[in-house]
2 protein chains.
Amino acid sequence: MTQKIGLEHLLCFEVYAASHAFNKLYKPLLEPLGLTYPQYLVMVALWGRDGQSVSEIGAALELESSTLTPLIKRMEQAGLVQRQRDAEDERRVRVSLTDRGRALEAQAAHVPVCAGQATGLEFEQIEALRQQIADLRKALLARGDSAC
Amino acid sequence: MTQKIGLEHLLCFEVYAASHAFNKLYKPLLEPLGLTYPQYLVMVALWGRDGQSVSEIGAALELESSTLTPLIKRMEQAGLVQRQRDAEDERRVRVSLTDRGRALEAQAAHVPVCAGQATGLEFEQIEALRQQIADLRKALLARGDSAC
DNA sequence: TGCGATTGAATCGTGTGCGATTTAAATTGC
DNA sequence: GCAATTTAAATCGCACACGATTCAATCGCA
């Protein structure tokens with residue numbers, strides 16, 4: 001017979017649980033900044049390049065507009081970003097940082113440092129693991145359609 | 001200055017995105033079984049040991065009762081499990097498989113095989129990566145409270 | 001024995017996530 | 001130059017996920 005597989009042997013479950021664990025770790029770090037974890041990722045994207053469109057942010061985060069639109073609207077309500085239609089292409093909505101949003105970058109500088117420490121890993125180990133998971137993610141997305 | 005960090009260098013983001021990628025991969029595999037991914041995890045737990053309480057399932061999956069209660073109720077509606085108060089301790093709710101729920105195990109046997117193939121990794125590589133992420137998860141949960 | 005503390009589920013409110021659909025704007029074909 | 005198609009956001013419905021709270025059952029201990 002094929003070996004019965006438990007949760008403790010599923011890579012997918014480990015990734016799922018690790019994702020929740022990161023979320024729990026970030027929550028108290030981001031709460032003082034008034035950010036949720038996905039909102040923090042949007043901020044990281046915008047700190048890297050301001051004025052991206054919703055779909056560009058979606059490409060960077062691998063999220064759909066149906067997820068991002070309400071999320072970004074909440075960030076706009078919080079005064080962190082501004083949304084405006086692109087004059088060149090009225091279909092696009094550009095998201096740009098407010099002064100408050102820009103100022104938050106300095107206040108959030110410690111966040112990735114804290115998170116890195118919490119992993120209990122050295123920088124090189126983190127990077128190596130990150131790369132392995134990045135390769136895994138690419139494989140999953142590529143072979144997702146070719147079923148089995 | 002401290003190096004500005006982008007999404008492409010954050011381990012947490014990679015895990016977050018990989019979790020979504022797994023979800024996308026599993027969706028078409030589980031759809032024919034009438035299961036969502038978290039529901040599938042509950043089934044795996046119950047196939048391993050039937051009749052667990054909500055909190056035991058929660059411990060295995062690292063989920064709260066506020067997440068599991070409605071999820072399991074949906075599974076009950078679908079006729080996969082049955083919920084009943086424990087006679088020994090009326091606070092506990094035991095979740096047991098129905099015949100249909102038990103029968104689903106055979107129909108789902110290919111799921112982890114398909115997922116394994118989609119990773120593009122050999123069994124030993126999967127297990128090695130799984131172990132690394134398991135260690136990471138434990139570190140994150142352990143150091144979460146000791147802030148920084 | 002009795003009662004305060006603890007435990008196990010459930011409930012509630014908020015915030016993701018996504019597939020399907022809709023709407024409006026831009027692009028393509030002919 | 002205009003109809004058909006494509007593209008970008010937004011909307012809608014559904015299903016997690018969690019913290020805070022509630023409620024009932026059990027436990028602990030004087």
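Nothing here was measured: the structure is a model prediction, and the numbers come from that model. All chains are named by letter (A, B, ...) in the order of the sequence lines, taking the proteins before the strands, and each is independently numbered beginning at 1.
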Sugar-phosphate, base or nothing in reach of E88(B), heavy atoms under 4.0 Å: sugar-phosphate
Whole-Å gap separating P (dA9(C)) and CD (E76(B)): 14 Å
Nucleotide dA24(D), atom P - distance to CZ of R85(B) in whole Å: 11 Å
Residue pair Q52(A) / A45(A): nearest heavy atoms and the distance that separates them: NE2-O, 3.0 Å
Complementary nucleotide of dA30(D), counting Watson-Crick and G-U pairs under 3.5 Å: dT1(C)
Nearest-angstrom distance from the residue atom OH of Y26(A) to P of dG19(D): 17 Å
Distance in Å, R100(A) CZ paired with Q107(A) CD, rounded so as to fall on 0.5 Å steps: 8.0 Å
For atom CG of L68(B) and atom P of dA9(C), their distance in whole Å: 10 Å
Nucleotide dA10(D), atom C1' - distance to CD1 of I72(A) in whole Å: 12 Å
Residues which pass side chain to side chain contact (heavy atoms under 4.5 Å, CB included) with E90(A), listed by chain and number, not counting sequence neighbours: R85(A)
Contacts of R74(B) that satisfy salt bridge (Lys or Arg N to Asp or Glu O under 4.0 Å) - sequence neighbours left out: none
Length of the line joining Q52(A):CD and dA9(D):C1', which is rounded to integer Å: 16 Å
Any residue meeting side chain to side chain donor-acceptor pair (under 3.5 Å) with E76(B), in chain and number order, not counting sequence neighbours: R83(B)
Contact letters for nucleotides 1-8 of chain D, in which S counts primed atoms plus P, OP1 and OP2 and B counts the base, heavy atoms under 4.0 Å: ------BS
Under-4.0 Å side-chain N/O to phosphate OP1/OP2 contact, R83(A) with dA10(D): yes
Rounded distance [0.5 Å steps], CZ in R49(B) versus CD in E56(B): 4.5 Å
Spacing of Q84(A) atom CD relative to dA25(C) atom P, expressed in whole Å: 17 Å
Separation between CG of L97(A) and CG of L80(A), rounded to the nearest 0.5 Å: 8.5 Å
Working for salt bridge (charged side-chain N to carboxylate O under 4.0 Å, His left out), residues R102(B) and D50(B): CA-CA 9 Å; R102(B) 253 185 305 277; D50(B) 198 2; 3.5 Å; yes
Whole-Å gap separating C1' (dC27(D)) and CD (E90(B)): 16 Å
Would you list the atom pairs, donor with acceptor, under 3.5 Å between side chains in residues 18-37 of chain B and any protein atom, with sequence neighbours excluded?
from	atom 1	to	atom 2	distance (Å)
T36(B)	OG1	Q39(B)	N	3.3
Y37(B)	OH	C12(A)	O	3.4
Y37(B)	OH	F13(A)	N	3.4

Under 4.0 Å protein heavy-atom contact, by nucleotide of nucleotides 12-20 of chain C - B base, S sugar-phosphate only: B--SBBBBB
